[in-house]
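Everything below concerns the one structure shown next.
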Amino acid sequence: MTEVIAVRTVDEGDPGLRRAAEVLCSGGLVAFPTETVYGLGANGLDGRAVARIFAAKGRPADNPLILHVASEEEAARLVEEFPAEAARLAAAFWPGPLTLVLRRRPHLPPAISAGLPTVAVRIPAHPVALGLIRAAGVPVAAPSANISGRPSPTTAAHVLADLEGAIDLILDAGPTAVGLESTVVDLSGGRPRLLRPGGVTVEALRAVLGEDRLILGPGDATRPASPGMKYRHYAPEAPLTLFLGDPASTAAAIAARMREAAAAGRRAAALVHTEALSAVGGAGLALDLGPRTAPEEAARRLFALLRRCNTEGVDAIFVQGPPEEGLGSAVLNRLYKAADGRIVHVGG
Ligand code: TXA
Ligand code: MG
């Protein structure tokens with residue numbers, strides 16, 4: 001049985017938080033909100049509890065987990081050293097959607113790091129997450145609370161849809177604010193390296209580190225390499241095709257594919273910016289990514305819209321790529337993964 005508790009306050013004595021902390025401390029699994037996505041938490045110092053996370057998600061054992069803490073002092077206790085650039089990033093972005101990969105201390109369960117000499121750490125900005133970590137008094141290991149391969153959950157209902165019966169408790173505090181996972185930066189090898197774009201933009205990292213300091217993963221910002229990034233991810237059930245190019249050309253190309261699908265008796269969904277909704281509507285399901293000028297809206301909505309495509313049972317999904325800047329780059333990264341090679345370039 002999976003219990004769901006709505007958390008309305010984050011007072012010390014909140015019964016929901018106290019109950020969740022008890023479950024964590026006795027080796028159980030608790031899904032909880034962060035500002036990015038819902039996480040699936042276990043006591044990060046308890047190897048058996050950590051193993052339950054991998055089992056519940058069907059997660060490959062070579063994909064390491066993030067430890068969530070409530071203060072920099074706690075983060076420092078998990079790692080061999082906290083280099084000066086890590087401290088500058090932490091000062092700028094913690095609490096917040098930034099994960100730092102650092103050299104790990106030996107007392108941590110090996111499964112946390114999937115055998116690597118490093119550990120990923122972050123201080124989340126959500127008051128419920130911070131309250132839970134403080135109430136439990138241990139670092140909380142938490143990947144996104146979805147079945148491996150599916151879109152990350154941005155509501156408690158998404159968590160239930162994937163993990164009902166497989167976990168002990170869900171703390172429900174409504175939809176998450178950022179909607180995409182944290183940015184992962186590796187500081188274990190000298191120069192900072194971007195492993196996964198996310199809630200903190202590359203532009204913001206560069207503003208703190210200096211323009212030329214950050215190494216992007218192999219290739220470019222949209223194809224970085226964290227162990228987790230090699231697996232199929234964010235996959236809706238219907239094939240997803242990503243359209244790249246100027247907004248008028250992508251809207252026209254998607255509208256044409258929607259009409260083609262309808263003529264063939266198939267139902268397609270278009271995920272497009274608000275400005276293109278009327279152009280693609282009429283021949284299928286038109287879903288709104290938000291205004292083109294507001295990539296934070298696309299970030300907030302993307303995973304819920306991909307899940308909606310599953311529940312609507314569409315046969316095909318056509319997506320208009322957001323501009324490749326700011327949070328738009330992180331949205332594009334997730335869309336590349338979801339498209340699994342189905343990319344169409346249109347226009348100039
Ligand atoms: O926003 C987030 O990061 C959410 C919330 C719950 O905090 N968590 C999350 O966790 O997205 P997960 O497990 O779905 O993604 C963690 C990513 C994976 O790509 C994983 O491979 C990478 O971080 N990672 C974890 N530990 C690492 C390490 N030691 N070295 C390199 N990459 C690591
Ligand atoms: Mg994940």
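Just so you know, these numbers use all the heavy atoms, side chains as well, and skip hydrogens, waters and symmetry mates.
Residues R52 and D168 meet the side-chain proximity criterion, which asks for heavy atoms closer than 4.5 Å. Side chains of V202 and R206 form a contact here, defined as non-hydrogen atoms less than 4.5 Å apart. The shortest distance between side-chain heavy atoms of I53 and P143 falls below 4.5 Å. A heavy-atom distance below 4.5 Å is found between the side chains of L171 and P33. A heavy-atom distance below 4.5 Å is found between the side chains of L78 and P139. When side chains are defined from C-beta on, L163 does not count as touching T2, because their heavy atoms never get closer than 4.5 Å. The closest side-chain heavy-atom distance from I123 to I133 is not below 4.5 Å.
Using a cutoff of 4.0 Å between basic side-chain nitrogens and carboxylate oxygens, E22 and R19 are scored as salt-bridged.
Atom CZ in R267 sits 9.0 Å away from atom CE in M258 (nearest 0.5 Å). Rounding to the nearest 0.5 Å places CG of L169 at 8.5 Å from CG of L24. Here the CG-CD1 distance, from L305 to I317, works out to 10.0 Å after rounding to the nearest 0.5 Å.
S182 and R334 make their closest contact through O-NH2, 4.4 Å (heavy atoms, listed as atom of the first residue, atom of the second, distance). Here the closest non-hydrogen pair linking T183 and G199 is OG1-N, 3.3 Å.
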**Prompt:** After noting the C-alpha distance and the side-chain angles of H68 and R122, does the key distance pass the side-chain contact (heavy atoms from CB on, under 4.5 Å) rule?
**Reply:** CA-CA 5 Å; H68 296 71; R122 88 173 181 104; 3.8 Å; yes
**Message:** As a quick check of understanding, evaluate side-chain contact (heavy atoms from CB on, under 4.5 Å) for L89 and L187, giving each step before the final call.
**Reply:** CA-CA 10 Å; L89 290 176; L187 283 146; 3.9 Å; yes
**Request:** Step by step, work out the side-chain contact (heavy atoms from CB on, under 4.5 Å) result for C309 and L287.
**Result:** CA-CA 9 Å; C309 289; L287 300 173; 3.9 Å; yes
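Within 6.0 Å of the CZ atom in R105, the count of heavy atoms belonging to other residues, nucleotides or ligands exceeds 12.
By the ring pair (Phe, Tyr, Trp, His ring centres under 6.0 Å) test, F93 is found to be paired with no residue, residues two or more places apart in sequence or in another chain being considered.
Residue pairs meeting the salt bridge (Lys or Arg N to Asp or Glu O under 4.0 Å) criterion with at least one member in residues 86-102, sequence neighbours excluded, do not occur.
Looking only at atom types and distance, the side chain of T155 has no donor-acceptor partner in the side chain of R307 under 3.5 Å away.
Put simply, the side chain of K57 gets close to the backbone of N146: a donor and an acceptor are under 3.5 Å apart.
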